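Because the structure is a prediction, the values reported are computed rather than measured.
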Amino acid sequence: MISYTMVGTNDLELSIRFYDPLFAQMGLEQCFRDDSCVSWGKRSDITFPRFFTGYPYDGEKAHAGNGVMTAFEFDNSEIIDQLYAIAIEKGGSSEGEPGFRPRYAEGFYAAYVRDPDNNKIAFVGRLALT
């Protein structure tokens with residue numbers, strides 16, 4: 001259903017340095033890059049949803065939307081923990097350390113971060129409780 005998600009940036013190179021290692025850890029690769037934006041996904045599958053970061057089309061400064069977030073889903077807590085650590089190491093800020101969030105659903109495990117442009121992203125999983 002989703003073709004792509006795009007978040008704005010004011011510094012494309014900084015944004016690439018933040019997202020490249022995250023998407024590499026997820027098994028995704030850069031699919032497109034020019035002077036205004038870059039995308040990650042699967043080059044071999046044009047139907048796989050892509051994630052873009054780029055300069056706003058209208059030429060104005062990028063700013064994060066209040067209540068806007070992209071969540072990436074995984075099937076284990078280890079990858080969520082790793083992605084959170086990479087995001088913080090690469091200049092992101094914490095919006096919620098990895099852990100279970102029972103108020104959302106039983107077994108819901110998540111970590112929340114903001115990228116260097118203040119865009120909010122999440123790494124989530126619906127995990128069996130042991």
Side-chain angles (χ1 to χ4, degrees):
M1 179 173 104
I2 298 202
S3 177
Y4 65 88
T5 298
M6 183 166 189
V7 296
T9 186
N10 293 304
D11 184 334
L12 189 59
E13 290 304 316
L14 178 63
S15 192
I16 291 168
R17 287 192 302 272
F18 177 81
Y19 283 109
D20 257 348
L22 290 174
F23 289 122
Q25 184 70 24
M26 292 182 207
L28 302 176
E29 56 204 335
Q30 276 193 27
C31 296
F32 176 82
R33 183 175 179 175
D34 66 13
D35 293 340
S36 65
C37 68
V38 62
S39 75
W40 293 266
K42 294 184 179 181
R43 282 189 214 121
S44 63
D45 183 355
I46 62 170
T47 65
F48 190 87
R50 295 198 177 172
F51 184 93
F52 281 79
T53 185
Y55 298 120
Y57 184 76
D58 65 5
E60 299 293 326
K61 286 273 193 197
H63 55 83
N66 187 24
V68 177
M69 176 175 47
T70 300
F72 299 93
E73 188 164 358
F74 303 93
D75 60 6
N76 67 71
S77 62
E78 292 82 15
I79 187 70
I80 293 168
D81 296 348
Q82 291 169 3
L83 291 166
Y84 175 84
I86 291 168
I88 299 303
E89 176 187 319
K90 295 298 179 181
S93 59
S94 179
E95 283 286 314
E97 293 182 358
F100 284 101
R101 307 297 200 280
R103 67 187 172 274
Y104 298 141
E106 184 177 339
F108 190 85
Y109 189 91
Y112 301 90
V113 299
R114 291 204 180 257
D115 74 7
D117 288 290
N118 210 30
N119 296 298
K120 191 172 181 181
I121 59 174
F123 311 112
V124 304
R126 289 161 180 84
L127 312 177
L129 298 174
T130 55

Could you tell me the separation between the [atom1] atom of [X] and the [atom2] atom of [Y], rounded to the nearest 0.5 Å?
X	Y	atom1	atom2	answer
Gln25	Ile79	CD	CD1	4.0 Å
Tyr4	Cys31	OH	SG	14.5 Å
Phe100	Ser77	CZ	OG	6.5 Å
Ile121	Leu83	CD1	CG	8.5 Å
Tyr112	Met69	OH	CE	5.5 Å

Report yes or no: do [X] and [Y] belong to one cluster of Ile/Leu/Val/Met/Phe/Trp/Tyr joined by side chain heavy-atom distances under 4.5 Å?
X	Y	result
Ile80	Met26	yes
Ile16	Leu14	no
Leu28	Phe74	yes
Phe108	Phe72	no
Phe23	Val113	yes

### Message
Restricting to non-hydrogen atoms, name the atom on Ala64 and the atom on Asn118 that form the minimum distance, rounded to 0.1 Å.
### Response
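Ala64 and Asn118 have their closest heavy atoms at CB-O, 3.1 Å.
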### Query
Considering all heavy atoms of both residues, which atom of Cys37 and which atom of Leu12 are nearest to each other, and what is their separation?
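Answer, listing the atom of Cys37 first, then Leu12: N-CD2, 3.8 Å.
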### Message
I'd like to check the side-chain hydrogen bond (donor to acceptor under 3.5 Å, both in side chains) partners of Asp117; sequence neighbours left out, ordered by chain and number.
### Response
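If we apply the side-chain hydrogen bond (donor to acceptor under 3.5 Å, both in side chains) test to Asp117, skipping adjacent residues, the hits are Thr9.
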Please collect all salt bridge (charged side-chain N to carboxylate O under 4.0 Å, His left out) contacts where either partner lies in [range], sequence neighbours excluded, each pair once.
range	value
residues 97-110	none
residues 53-82	Glu73-Arg126
residues 1-30	Glu13-Arg33, Glu29-Arg43

With a cut-off of 3.5 Å and sequence neighbours excluded, list every side-chain donor-acceptor pair involving residues 46-53.
{"unit_1": "Thr47", "atom_1": "OG1", "unit_2": "Asp45", "atom_2": "OD1", "d": "2.5"}
{"unit_1": "Thr53", "atom_1": "OG1", "unit_2": "Val7", "atom_2": "O", "d": "3.4"}
{"unit_1": "Thr53", "atom_1": "OG1", "unit_2": "Ser15", "atom_2": "OG", "d": "2.8"}

Side-chain polar contacts of residues 87-96 - donor-acceptor pairs under 3.5 angstrom, sequence neighbours left out - could you list them?
{"unit_1": "Ser94", "atom_1": "OG", "unit_2": "Tyr84", "atom_2": "OH", "d": "2.7"}
{"unit_1": "Ser94", "atom_1": "OG", "unit_2": "Gly96", "atom_2": "N", "d": "3.2"}
{"unit_1": "Glu95", "atom_1": "OE2", "unit_2": "Arg114", "atom_2": "NE", "d": "3.3"}

